[in-house]
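Below you'll find the structure, written out as structure tokens, and then a few comments.
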Amino acid sequence: MLLQDFYSVDSLNTISDSKYVASITLNKDHAIFKGHFPGNPVTPGVCMMQIIKEITESILNVSLTMVSTSNVKFMALINPEVNAKLTLELEVSENEASEIKVKNTTSFDETVALKLSNTYKKITS
């Protein structure tokens with residue numbers, strides 16, 4: 001985990017061969033929220049992208065590096081004091097070039113907060 005104690009995974013469920021649902025809880029007391037933004041904490045988009053990468057690594061049991069991101073839509077602010085519990089839906093596939101493609105929708109309650117598609121490569125030793 002890149003950001004120590006930033007979030008915890010409450011559950012990670014396989015829906016089908018390529019679809020997964022993760023429930024996470026953000027740590028509203030994490031130091032990053034003291035600077036982003038004091039008195040009105042907002043989860044940084046780059047942190048959400050890192051969480052998606054880490055959960056995908058956990059699903060596949062491999063290390064990944066991001067190749068590209070497309071169709072990024074931040075649709076709602078994620079305030080960890082109000083909406084600490086998030087649901088991440090991931091569709092994970094591998095293409096002919098051995099790239100891992102991930103489509104994600106992140107939500108809290110009935111609100112979609114983030115939609116994006118990422119492409120990763122496996123890190124080999």
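When a residue number appears, it is its place in the shown sequence, counting from 1.
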Pairs satisfying ring-ring contact (aromatic ring centres under 6.0 Å, His included), at least one member in residues 8-33, at least two apart
F6-H30, F6-F33
Who are the side chain to side chain donor-acceptor pair (under 3.5 Å) partners of T43, not counting sequence neighbours?
none
To the nearest 0.5 Å, how far apart are CG in L114 and CG in L88?
8.0 Å
Please answer: with hydrophobic residues joined when any side-chain heavy atoms are less than 4.5 Å apart, are V82 and I51 in the same cluster?
no
Flag the pair S107 / T87 as yes when at least one side-chain heavy-atom distance between them is below 4.5 Å, and no otherwise.
yes
For V21, which fellow cluster members are found when Ile, Leu, Val, Met, Phe, Trp and Tyr are connected by side-chain heavy-atom distances below 4.5 angstrom, either directly or through intermediates?
I15
Within the structure provided, determine whether C47 and I32 are in side-chain contact (heavy-atom separation under 4.5 Å).
yes
Show me the side-chain donor-acceptor pairs of residues 67-74 shorter than 3.5 Å, one per line, residues at least two apart or across chains.
{"unit_1": "T69", "atom_1": "OG1", "unit_2": "N118", "atom_2": "OD1", "d": "3.0"}

Euclidean distance, N83 CG relative to T111 OG1, rounded to 0.5 Å
7.0 Å
With salt bridge (charged side-chain N to carboxylate O under 4.0 Å, His left out) as the rule and sequence neighbours excluded, what pairs involving residues 27-51 come up?
none
Name all residues meeting the salt bridge (Lys or Arg N to Asp or Glu O under 4.0 Å) criterion together with E57; count only those two or more places apart in sequence or in a different chain, and write none if there are none.
K53
Separation of I59 CD1 from I100 CD1 (nearest 0.5 Å):
11.0 Å
Here the salt bridge (charged side-chain N to carboxylate O under 4.0 Å, His left out) pairs for residues 86-111, sequence neighbours left out, are E94-K122
Suppose the criterion is salt bridge (charged side-chain N to carboxylate O under 4.0 Å, His left out): which pairs have a residue in residues 8-26, not counting sequence neighbours?
D10-K85
Smallest separation among heavy atoms of P41 and P80, with atom names
O-CD, 3.7 Å
I55 side chain near L12 side chain, heavy-atom distance below 4.5 Å:
yes
Does a donor on one side chain and an acceptor on the other come within less than 3.5 Å for N104 and T106?
yes
Only counting residues at least two apart or in another chain, list the ones meeting ring-ring contact (aromatic ring centres under 6.0 Å, His included) with F108.
none
With sequence neighbours excluded, residues passing side-chain contact (heavy atoms from CB on, under 4.5 Å) with T65:
K121, I123
Closest contact, heavy atoms only, L26 versus L86:
CD1-CD1, 3.9 Å
Transitive ILVMFWY cluster of L77 at side-chain heavy atoms under 4.5 Å: who else is in it?
F37, V42
Please confirm whether the backbone N or O of I52 pairs with a side-chain atom of T56, one donor and one acceptor, at under 3.5 Å?
yes
Would you say the side chain of V102 lies within less than 4.5 Å of the side chain of S117, judging by non-hydrogen atoms?
no
Connecting only ILVMFWY residues whose side-chain heavy atoms lie within less than 4.5 Å of each other, what is the rest of M75's hydrophobic cluster?
V112
Kindly compute the distance separating OG (S8) from CG (N27), expressed to the nearest 0.5 Å.
8.0 Å
